[in-house]
Every structure is written in structure tokens, then in C-alpha cells.
Amino acid sequence: MSDKAVRVRFAPSPTGYLHVGGARTALYNYLFAKRHGGKFILRVEDTDEERSTEESMRMQIADLKWLGLDWDEGPNAETLIDVGPYGPYRQSQRKTIYEEHADKLIAEDKAYYCFMTDAEIDVQRQQSVKEGRPPQVNSPYRDWPIEKARERMAKGEKPSVRFKVVEKKDYVLNDLVRGQVTFPSDMVGDFVMLRSSGMPVYNFCCAIDDALMKITHVFRAEEHLSNTLRQMMLYEAFGYELPQFGHLSIILGSDRQKLSKRHGATSCHEYNLNGYLPEALNNFIALLGWSSPNAQEIISMKEMIEQFSPERLNASPAVFDETKLSWVNATHLRALPSEELWRRVEPYLREAGLTLPTDAAWRSRALDTFKTSMNNLKDSVELFRYVSEDKMPVGDDAKEILALPTTKAVLEAWKSGVEASTSDFMSEEQFLKLQDSIKDSQGVKGKNLFQPIRVAVIGKPQGTELKMLIPLLHKRTLVARANEVLSRL
RNA sequence: GUCCCCUUCGUCUAGAGGCCUAGGACAACUCCCUUUCACGGAGUAGACACGAGUUCGAAUCUCGUAGGGGACGCCA
């Protein structure tokens with residue numbers, strides 16, 4: 001590793017929400033920067049005018065913030081105003097930089113104006129494929145004198161600018177993840193640097209920006225591996241120093257195809273909405289392609305920063321396993337102190353419109369009894385519905401219990417017992433005493449005793465322990481629910 | 001088609017030539033705890049893609065085959 005100050009970047013294109021694959025790329029870059037006391041830069045690759053939107057940029061920024069992946073340089077999360085000495089950080093605002101670079105290469109005969117039309121390019125490509133060659137273009141404008149090109153431009157024609165691939169040789173990349181990778185230069189044809197619209201193309205601005213922003217290490221997805229050849233050619237042409245590259249394996253869906261929308265939730269935003277904790281998502285995606293040296297499965301951001309090293313990055317693709325994510329999430333969730341858990345759960349409960357007691361002791365008690373059955377924050381809604389003052393639905397699975405010959409008497413005894421209680425909330429001991437007295441007076445025990453009571457409390461025969469549940473419910477709710485069930489008998 | 005990358009339990013992975021009778025985690029299954037459900041605890045089952053080579057010795061190195069993925073855009 002070089003002794004230069006570490007500078008890494010995450011460079012998303014703003015087209016929709018942040019994808020989990022992008023989040024993992026961002027995470028690794030962030031971890032590497034923090035591990036080495038370096039800088040983490042956010043650069044927006046918005047050169048595709050058709051698809052890029054500021055709205056998407058805001059969405060991705062919000063997702064990054066949610067994950068806690070804060071950047072040192074780049075657009076400010078609220079104002080979008082650039083922060084840092086190497087701006088602008090949005091490629092659409094760097095056009096003059098790219099033009100100057102293109103002009104330099106044209107002047108040095110390392111690039112040229114190309115007037116080929118889409119149709120001409122298409123014909124060539126098809127011809128190449130037919131002849132078993134790679135579908136590269138051979139531009140007839142490659143060796144045109146510059147004056148001739150300028151004449152046509154003066155007439156209003158808008159050419160693209162292509163890089164001139166000249167020397168036939170091998171480019172050797174020492175990849176941090178894959179080791180030595182050799183690309184023959186004829187793997188690519190003369191590629192476009194500047195579109196006829198004047199907008200630069202990914203490979204061109206990526207190389208220039210990484211160089212100008214003094215990026216030292218580039219962790220990015222595997223699909224960019226073969227792009228690296230073009231970028232190496234550009235670095236060479238400009239005489240810039242090449243950063244270190246690490247090409248990450250891609251994330252697959254359960255069918256082993258590249259993870260995409262049809263696999264279900266793929267954006268961080270959806271996981272956020274569905275009640276996943278950012279620390280859990282970070283934990284889970286980090287382990288898709290990286291492993292902790294001490295085999296930790298549950299790991300905090302702080303620990304990941306301490307432990308992260310590219311040598312433990314895995315080059316083979318990984319399947320995104322929702323079931324394991326769910327476990328990781330549940331584990332993080334249960335480890336949260338109750339005040340913190342309440343803070344996270346509260347928006348979901350509020351959205352569901354539940355009427356709940358407001359005192360802290362009640363909340364923490366409720367959380368303690370429910371968190372073992374929660375896999376995500378959203379699960380809290382159904383659980384808290386039981387202890388809210390709201391009407392509860394009585395499920396079909398309660399029918400069998402309600403049909404028991406002893407049920408009616410048990411529930412009448414239950415109801416009058418609750419009504420006789422002197423406090424608003426029964427204690428665990430009071431409940432146990434009441435249950436015992438019903439057992440004695442009705443001669444019913446076991447399942448036939450506690451299941452009807454549970455139905456009269458939560459509307460279904462299975463669930464949380466009654467002695468935990470009852471003290472969370474106000475007397476009037478208990479009575480109302482007992483009445484509701486009794487009315488069905 | 002051409003080039004590049006990848007291949008260890010169902011899934012994520014450990015593994016840097018002898019520590020491997022291949023370890024861990026999720027999931028599955030069994031048992032324990034428990035008047036239910038969940039949590040928790042203890043177990044069981046389950047993998048080196050295939051074929052050659054190198055070596056005293058290969059999951060690990062080399063080559064080939066097969067399978068998967070990526071790139072070959074005026075997308076990123």
C-alpha cells in the first residue's frame with residue numbers, strides 16, 4: 001500500500017434509489033477510508049442526461065445518510081452544495097474540465113473527431129459479429145486531418161470524440177481482489193470519450209475525475225473490470241498515476257442471476273420502510289463478499305472499521321439471502337436498549353394509529369415482552385395492537401377454543417375477575433391469582449383454561465405469555481375484549 | 001462469437017501444500033426449557049464442479065473440460 005493519504009470515492013449514477021449492491025460498494029469504500037484515516041468522497045455520475053435526475057440524487061443521498069455512510073467531500077446532504085477542495089463533485093458540472101482534456105488528446109493525435117452515425121456504427125458492428133470479430137467500430141475519420149474535421153463542424157455538424165487505440169500490447173492490472181489481470185489492448189476499439197452532445201462518457205470522466213480528485217483506491221463492482229482497460233489507456237495518455245483497483249463480485253438473487261427488481265426488494269429504501277435497521281443491513285451486506293478475521297457474524301460499524309482489509313474480500317459472486325438478513329436484523333434489534341428501540345419503533349406505531357399508554361416504564365416493559373418475537377420494526381405493529389386500546393380481530397384459529405364446552409363459564413369468571421380488580425393495570429401476581437381461582441372454581445386447567453383467556457385478550461389461542469401480556473393492558477380494554485368474545489358464544 | 005472474471009454444505013463463508021476425519025453462521029431436522037407461540041440451550045444431517053498433472057502429500061499450485069457471471073454502447 002502506498003504511503004499517500006487514502007482517498008476513496010463512491011460514484012453512483014442518480015437513477016432511482018440506492019441499490020443494495022451500490023450500498024455494499026459504498027460501505028467497503030467507507031470502511032477502507034475510516035480504517036486508514038482517509039477521506040471518503042461522494043461523486044455524482046450524472047452524465048446520462050436521459051436517466052439522471054436531481055430527485056434520484058436526493059434519494060440516494062438520503063439512503064447513504066440512513067446507512068450512516070457519511071462523506072467528507074461531495075454535495076452536502078441538505079443543500080447539495082459542494083463541500084471539498086476538488087469540486088465540483090457532480091460530473092454534469094465538470095464539462096469544461098472534460099472538454100479541456102479531450103482537446104489535449106486531440107491536439108496530441110491521441111483522439112479524433114468522429115462523424116459516424118448510429119446507423120453506420122450499427123452496420124459495422126453487425127458485420128464484425130458476422131465475421132466472428134469483436135463488435136468494434138473502425139471509424140473512417142480516424143486519420144482525418146484536424147482541419148478537415150473542423151470544416152465540417154463549422155457547417156454545424158456535431159461529431160463525437162473517440163480515443164485512438166494505437167499500440168497493440170497487454171495492460172496488466174494488479175487488482176486488490178482478483179490479483180493480476182491481463183487485458184490485451186485489442187479487446188477494445190476506438191471508444192467514445194465525448195458524445196456528440198458534448199457530454200462525456202463514463203470511462204472518460206471516471207478516469208479524469210479519479211486522477212484529479214487524487215483518488216488512491218477504487219473499490220467498485222465487477223462489471224467495471226473490463227472498463228478498466230479503457231481507463232488505463234486514458235491514464236497512460238494523460239500521464240496520470242493509476243489508483244489501485246479492487247473489483248468486487250456482484251450480488252445475485254436466489255436464482256443466481258444478477259440481483260434485480262424481480263427478486264423483490266433491492267433498494268435500501270425498501271429495507272428502511274420494511275423495518276430493517278441500518279446497522280443490520282450494513283452488517284449483512286458487508287458479509288456478502290467480506291469476512292471478519294475472527295468470524296464474527298454480528299458486527300458493528302466500529303468493529304468493521306477496525307477489521308476491514310481488502311485481503312479478506314472474496315472474488316466470487318454472493319447470493320442475497322433474505323432469511324439470513326432477517327436473522328441479522330432480529331439480532332441487532334434485540335440488542336438495542338429499550339429507549340433506543342422505542343425511538344425506532346415509534347414511527348411505525350404512530351403510522352398504524354394505535355392508542356397506547358405513554359409512560360416510559362410501560363413502554364420498556366412492552367418492548368421487553370415483544371422483542372423476542374420481532375424480526376423487524378414493522379412487526380411491532382401487530383404486537384402492539386394486542387396491548388393497545390383498539391378493538392382486536394378474533395381469528396379463525398380461535399373457533400375451536402371458543403367451541404369448548406367449558407369456555408363460556410371460564411370467560412365469565414375471567415370477566416368478573418377482571419372487573420373486580422381494584423387497579424387499572426393488573427400485576428403479574430394478581431393475574432396468576434385470578435387464573436388460579438378460575439381453575440379452582442370452574443375445575444378447568446391447562447390448555448382449556450389459558451387458551452380461552454388468551455383468545456379473550458388477543459383474539460387468538462397462541463402467542464405471548466399471558467402473565468407478560470395482561471399487566472400491559474388496561475382493565476377497561478380487558479373487559480371490552482372479554483365482552484366482545486363472550487358475545488360470540 | 002471474442003475477451004475477462006468466478007466455482008467449498010441449500011445460502012453466506014473459513015481455508016495461503018501436511019494443523020482438514022474440511023471449521024463457523026443462517027436455514028432444515030431432533031431434543032431440552034416452556035400450560036401455547038417466540039426467545040434461549042444442546043445436538044443431527046449437509047460441501048471442496050469434473051478430469052488430468054506437479055508433489056512424499058492438493059480444497060489449496062498448473063493445465064484442460066463443464067457450468068455461471070461480466071464486458072464488447074454516443075449506459076454507468
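Fair warning: this is a prediction, and the values are worked out from it, not measured in the lab. So you know, we letter chains A, B, ... as the sequences are listed, proteins then strands, and number each from 1.
- Note on A/S326: nothing from the nucleic acid sits closer than 4.0 angstrom, heavy atoms only.
- Taking the six-membered ring where tryptophan is involved, the planes of A/Y17 and A/H269 are essentially parallel, since the angle between them stays under 30° and well short of 60°.
- In the model, A/N203 has a side-chain atom that pairs as donor or acceptor with a side-chain atom of A/Q231 under 3.5 Å.
- Across all strands shown, B/G17 has no partner, as no Watson-Crick or G-U wobble contact with both distances under 3.5 Å is found.
- Comparing the P positions of B/A42 and B/A52 gives a spacing of 43 Å, expressed to the nearest Å.
- To the nearest whole angstrom, the two P atoms, one in B/U11 and one in B/C74, are 38 Å apart.
- Of the N and O atoms on the side chains of A/H247 and A/T228, at least one donor lies less than 3.5 Å from an acceptor on the other residue.
- In this structure, A/H224 reaches the bases: a heavy-atom distance under 4.0 Å links it to at least one base atom across the strands shown.
- Ring pair A/F384/A/W342: centre-to-centre distance below 6.0 Å.
- Within 4.0 Å (heavy atoms only), A/N227 reaches at least one base atom of the nucleic acid.
- In summary, A/D210 and A/R43 engage in a salt bridge, as defined by a charged side-chain N under 4.0 Å from a carboxylate O.
- Across all strands shown, A/T47 has heavy atoms under 4.0 Å from sugar-phosphate atoms exclusively, and none from any base.
- Comparing B/C63 with B/U21, their C1' atoms sit 30 Å apart, to the nearest whole Å.
- B/G10 is paired with B/C26 under the criterion used here, namely a Watson-Crick or G-U wobble arrangement in which both key atom distances are under 3.5 Å.
- Pair assignment for B/G1: B/C72, on the basis of Watson-Crick or G-U wobble contacts that are both within less than 3.5 Å.
- Residue contacts for A/Q91: at a heavy-atom cut-off of 4.0 Å it reaches no nucleic acid atom on any strand shown.
- In this structure, A/P317 reaches the sugar-phosphate backbone alone: every heavy-atom distance under 4.0 Å involves primed, P, OP1 or OP2 atoms, never a base.
- Across all strands, A/M374 comes closer than 4.0 Å to no nucleic acid atom at all (heavy-atom distances).
- Counted by atom type alone, A/Q91 and A/D209 present one or more donor-acceptor pairs between their side chains at under 3.5 Å.
- A distance of about 46 Å separates the P atoms of B/U55 and B/G73, rounded to the whole Å.
- Base pairing of B/A47 is not made with any nucleotide, judged by Watson-Crick or G-U wobble geometry with both donor-acceptor distances under 3.5 Å.
- Non-hydrogen atoms lying under 4.0 Å from RNA chain B are contributed by A/V192, A/R195, A/S196, A/V201, A/Y202, all within residues 192-202 of chain A.
- Nearest-nucleotide assignment on RNA chain B puts the 5′-proximal partner with A/A295, out of A/A295 and A/Q435.
- In summary, the side chains of A/R90 and A/S52 do not present any donor paired with an acceptor at a separation below 3.5 Å, with no hydrogens or angles considered.
- Using N1 to N3 plus N6-O4 or O6-N4 for Watson-Crick, or N1-O2 and O6-N3 for G-U wobble, each under 3.5 Å, B/G57 pairs with nothing.
- If you check every strand for non-hydrogen atoms under 4.0 Å, A/R312 touches sugar and phosphate atoms only.
- Taking every nucleotide of RNA chain B with any atom under 4.0 Å from a non-hydrogen atom of chain A, the first and last of them, 5' to 3', are B/G1 to B/A76.
- Between A/W144 and A/Y141, the ring planes lie perpendicular to each other; the angle is over 60°, past the 30° to 60° tilted range.
- Spacing between B/A66 and B/A25 at atom P, rounded to whole Å, works out to 38 Å.
- Within the 4.0 angstrom heavy-atom criterion, base atoms lie near A/T372.
- The residue A/R454 sits close to a base: some heavy atom pair falls under 4.0 Å.
- Side-chain contact, A/D190 with A/Y112: a donor N or O sits under 3.5 Å from an acceptor N or O.
- For B/C39, there is no paired base (Watson-Crick or G-U wobble, both distances below 3.5 Å).
- B/A27 and B/A45 have their C1' atoms separated by 13 Å, given to the nearest Å.
- The aromatic rings of A/F320 and A/Y271 sit tilted relative to each other, their planes meeting at an angle between 30° and 60°.
- Note on A/A318: only backbone sugar-phosphate atoms sit closer than 4.0 angstrom, heavy atoms only; bases stay farther off.
- Residue-level contact check: A/E465 touches the bases, meaning some heavy atom is under 4.0 Å from a base atom.
- Using a 4.0 Å heavy-atom criterion, one finds that A/K371 contacts no nucleic acid atom at all.
- For A/L466 and A/L313, each mapped to the nucleotide of RNA chain B holding its nearest heavy atom, the one lying further toward the 5' end belongs to A/L313.
- Here A/G189 lies out of heavy-atom contact (under 4.0 Å) with every strand.
- Of the C1' atoms belonging to B/C19 and B/C12, the separation is 25 Å, rounded to the nearest Å.
- B/G10 and B/C48 have their P atoms separated by 9 Å, with the value rounded to a whole Å.
- Side-chain contact, A/Y113 with A/K158: no donor N or O sits under 3.5 Å from an acceptor N or O.
- Defined by atom type and a distance below 3.5 Å, a donor-acceptor pair is present between the side-chain atoms of A/S291 and A/R312.
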